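Just so it is clear: chains get the letters A, B, ... in the order the sequence lines come, proteins before strands, and each one is counted from 1. All values reported here derive from a predicted model rather than from experimental measurement.
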Amino acid sequence: MSKEVLIIGGGPAGLECANTLLMLGYKVFIVEKDTEIGGHLRKWDRLFPESISASETLERLITPSKKAVVFNEAEVISVKLTNGFFDVRLSDNTELHVHSVVVATGFKLFPAEKKEEYGYGIYNRVITNADLEASFKNHSREILQSKRVGFVHCVGSRDEKISNRHCSKVCCVTAVKQACEFKEANPDAEIYCFYMDLRMFGRGYEDLYLKAQNKYGIRFIRGRVSEVAENVNGELLIKAEDTLISRPLKVTLDLLVLMSGMSKNPDNDQLADILGLDIAEDGFFVQHDPTINSIKSKIKGIFFAGTVTGPKTIPETLNEARSAALAVHKYLSE
Amino acid sequence: MIINGKKKIWSDYQKEIPDDHYFYVRSCIRQNFFPASEKLFLEIVRDRLNLDFYETEHHTTCGGIAYHSDTIPQETVMTIVARQFALMSEAGYKNYVASCITSFGLYTEILDTWYHYPELEAKIKDNLWKTTRREFNKPEYLAHASDVIYKLRDKIASQAKYKLVNKDTGKPLKVVEHIGCHYSKMFPSKGVGGAEYPYVLTGMIESWGGEIVDYPERRHCCGFGFRQYMVRANRGYSLANTYKKFESMEPFHPDMIITNCPGCPYFLDRWQYVIKEMEGKTYGKDGQGIPVFTYEEVAGLVLGYDPWYLGLQMHQIDVEPLLDTIGIKYSKTDKYLL
Amino acid sequence: MGKLLDKLNKDYRFLEGLNACINCGTCTAICPAAEFYKYDPRIITDTVQSKNEEEIEKLLKSDTIWYCGECMSCVTRCPRKNAPGLIIMALRTLSMDTGLFINSEKGRQQYALSLALNNNILNYGYCVYPRTFKYKDHPEYGPVGKWIENNLDALHKKVGSNLDGQGPGILRKIPDEDLQELKRIFDMTGATERMDTIEKYSLSKAQELGMTKEEYLNYIETTIEIEHHK
């Protein structure tokens, strides 16, 4: 009789963890809040740094997971630990009796309207990185034929004012990727990236940055956007300082893309209560041993995978997911 | 523009403003340049709406202009403010309303500083006792006079004789709203609507029939800059900022400007005259200039008060073309009668 | 820590205003003074953050710190919750306390401001008072300003003021006991001391330039001998 594992969250972390556990012979339950599994990956068009297809990547993660039992539009209501078993009740009244739990609930994209000075939801031509991915997916002509385009880095990240001090890690490379893709779609476009620091930390990222400058002529301005306004023609006026030459500047643009960061999942607090875990000041779950064992929680038998413990790239998420599965396996073999 | 985005922000920044029983303190600049506005504020709340607004002759300037011109230390201005609070406590009030926006910003800043540094509050308490034998309590609620009029805007609308509408076309007037910097730039949560899309004046205009115009330099300072205006050699700064705002609002063809700060209506009004003298450039319909009002002046106009009772003859830009547009009855010849 | 920095760290506005700057430029982007003057609040914050006594002393002697209009637009947007406007106020205070303000054209103007504003407060209880606000000093007041000045008492009566009158009301005569309280507050909390310091350095400078006090006041109010703009 194979042992049973519950994975909370059906995004890339949850799916790859399920795939590994299934391969190791476990019975896997996935509980997913949304109508479908796949998480944020369902929304993206192409992934950095090489612009590979998001939907194909997702397909590769879903295919091996078919043997997992998935509960869509369901949430965990209560968890009781008795004699090494986790008695779990879901919102659709399902009761599960599992040996181990993996928390893979991911992140929430920062709601860009909270940065009021950027005018998201007020000015028509201000969109987010997520909106732009959708525009790429749908070949939205209206968006893609904008001539003067700006990308605003660090929206909802590195910002004490909205209590998100952390860096969301992946937005810089995403902005550079999207800038290149935009230029491909519209070679006449003039594109500006407004950044504070350019975090090109991963393999191939600096190459992408170089390509953005050489091949696509993307202009990089080191200055955080302070304010966005709309003129009488509906064009956007952006105020920033070019800190490298110490001059304030104003740019008129046709489209502004806000790089919304990875923010805490608002369900975290309630889930932490249910599981008996802790949330850190940045809103993500507290890791028991962040350097050596990033997937370990303070409760035996409960593990983490993916952005539930902080911003990560997809390869990092998938590696953690496999690591969490291995940790479950080790735990259940003792 | 998507109005629902703004509405959501406005609902996030609600501020609790008591209805009644306020200790009222005056504004240096408004007493000098817009005295009728201060008169009308008390007339509206006391005589029209039967509310309790108390004023003592013993209150003084809060010292804000001197503080922001750096001629008095922070400790001095805090002790002066403590004295004002003491007068409030002695009169038996807990709600404090300031007529000036720099004052309002100053009171908010001081209360916040005392909250973070209680030893400083203790020192000021001691200073006040030693110099005046007075003791103070901090106000329970701090409001700006425009917050109060904002709260009462619908009551004013129900008693209104006129609307901010073009009497010939029936269309709402296009109104530029200008919020004083010290209202919410330092502490956005203390202003109705926050710092980016303040609602305190927008709410009044909407209630009284007008339409708000958003333009790129809406949030830009009028340029008072304290020392930048008061010293002759620096006045170019002040003028340049106002000029920038007018150039930005011009394409939107506003009919009028409403402000809630003492200095701003003075500058937005007078610098138009200077721009005309220096550059030959004018704004507004037929180059007549865009008239600038305090919110009490606008309230007074919709309530049907005589414009010269409202002190509008003290403006440099003529208000008559706008009064004609609204259809307000007034006597042209009475304007400069004393 | 150096002497100047020691003093700055005693100013609550400095403590509130400096929370570690990352040089993002959001403040400079929105600053009215940065548009028109050779001014960059980001650079000032970074300089102060560097704790370099020499550079701070240079700032205190410079025109730079006097360009700010204290509108606090910088405070609204800073992602690290710094307040360059408050740092400027702390720097200005230190510049006056140490006498270094006398070295800059804009700094010297403090004497005119101190006399005008503080005397208004001590004599009348207002920062601005109509009988000391002269049209000849404010041509921008416009033709209507001239009319107002020529008809001051009648006009204020007409619009409902209580100019220099007893009891509450607009521009009332604030009772002498209250003005005396203000004087005692000035004396105890350092305002009088600041006025004296500013005057001491200013009169010394006037003597150096061979001017009377009146000539010096006119000189500092109207002089523009340096290029202040971009």
Side-chain angles (χ1 to χ4, degrees), chain B residues 26 28-29 31-32 35-36 38-39 55-58 60-61 63-66 68-76 79-80 83 113 117 120 127 130-132 181-182 185-186 188 195 220-221 223-228 230-233 235 237 240-241 270-271 273-274 311 314-316 336 338, chain C residues 12-13 16 32-33 36-37 66 69-73 75-76 89 92-93 96 109-110 112-114 116-118 121 125-128 130 133 140-142 144 147-148 151 154-156 158-161 167-168 170-172 174-175 178 181-182 184-186 188-191 194 221-224:
Chain B
R26 295 190 179 276
C28 297
I29 298 240
Q31 290 179 90
N32 275 266
E38 292 222 331
K39 171 189 74 183
E55 181 203 351
T56 166
E57 75 251 42
H58 299 290
T60 64
T61 173
I65 294 179
H68 283 292
S69 302
D70 308 281
T71 61
I72 57 176
Q74 187 182 45
E75 209 181 307
T76 307
T79 311
I80 296 177
R83 180 179 180 279
T113 309
Y117 300 100
L120 180 57
N127 285 351
K130 289 201 171 105
T131 52
T132 66
C181 289
H182 290 257
K185 282 187 177 176
M186 271 192 92
H220 201 285
C221 176
F224 174 27
F226 305 95
R227 74 187 323 275
Q228 313 302 348
M230 284 179 304
V231 179
R232 232 173 306 172
R235 265 169 218 165
Y237 166 96
N241 279 293
R270 292 334 200 253
W271 290 135
Y273 156 72
V274 173
M314 289 176 79
H315 293 198
Q316 181 61 47
Y336 295 111
L338 290 167
Chain C
Y12 287 96
R13 291 164 301 189
E16 293 274 273
F36 302 113
Y37 281 131
W66 303 102
E70 300 193 15
C71 72
M72 304 295 168
S73 300
V75 182
T76 321
M89 290 177 85
R92 287 178 177 179
T93 291
M96 286 180 285
Q109 296 166 345
Q110 285 302 102
L113 286 164
S114 170
L117 293 169
N118 293 9
I121 296 177
Y126 304 109
C127 280
V128 179
F133 187 89
E140 70 282 350
Y141 202 4
V144 78
W147 171 73
I148 293 172
N151 298 285
L155 182 58
H156 270 281
K158 165 116 194 197
V159 296
S161 305
I170 298 161
L171 290 173
R172 68 206 174 279
I174 293 180
D178 301 311
E181 284 186 18
L182 287 183
R184 289 201 290 276
I185 292 176
F186 265 51
M188 168 154 236
T189 57
R194 177 172 300 182
E221 287 218 24
T222 54
T223 300
I224 305 177

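Of the atoms belonging to C/A154, heavy atoms from both backbone and side chain fall under 4.5 Å from chain B. For chain C, no part of B/F224 is nearby; none of its heavy atoms comes within less than 4.5 Å. For C/I224, the part sitting under 4.5 Å from any heavy atom of chain B is the side chain, from C-beta outward, and nothing else. Heavy atoms of C/Y126 lying under 4.5 Å from chain B belong to its backbone as well as its side chain. Both the backbone and the side chain of C/S114 have a heavy atom closer than 4.5 Å to some heavy atom of chain B.
C/E70 pairs in a side chain to side chain donor-acceptor pair (under 3.5 Å) with only one of the listed residues (B/H182, B/H68, B/Q228), which is B/H68.
In this structure the side chain of C/R92 reaches within 4.5 angstrom of the side chain of B/R227, judged on heavy atoms. Here the side chains of C/S73 and B/K185 are in contact, with some heavy-atom distance below 4.5 Å. Residues C/F186 and B/T79 are not in side-chain contact: their nearest non-hydrogen atoms beyond the backbone lie 4.5 Å or more apart.
Between B/R270 and C/E140 no salt bridge is recorded (no basic side-chain N to carboxylate O distance below 4.0 Å). A salt bridge links C/D178 with B/R83: the closest approach of a Lys/Arg side-chain nitrogen to an acidic carboxylate oxygen falls below 4.0 angstrom.
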* To do: Check the pair B/M186 / C/T76 against side chain to side chain contact (heavy atoms under 4.5 Å, CB included), numbers first and verdict last.
  => CA-CA 6 Å; B/M186 271 192 92; C/T76 321; over 6 Å; no
* Please step through side chain to side chain contact (heavy atoms under 4.5 Å, CB included) for the pair B/K39 and C/I170, ending with a clear verdict. => CA-CA 8 Å; B/K39 171 189 74 183; C/I170 298 161; 4.0 Å; yes
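A donor-acceptor distance shorter than 3.5 angstrom exists from the side chain of C/N118 to the backbone of B/T71, with no hydrogens or angles considered.
Between B/Y237 and C/Y37, the ring planes lie parallel to each other; the angle is under 30°, not in the 30° to 60° tilted range.
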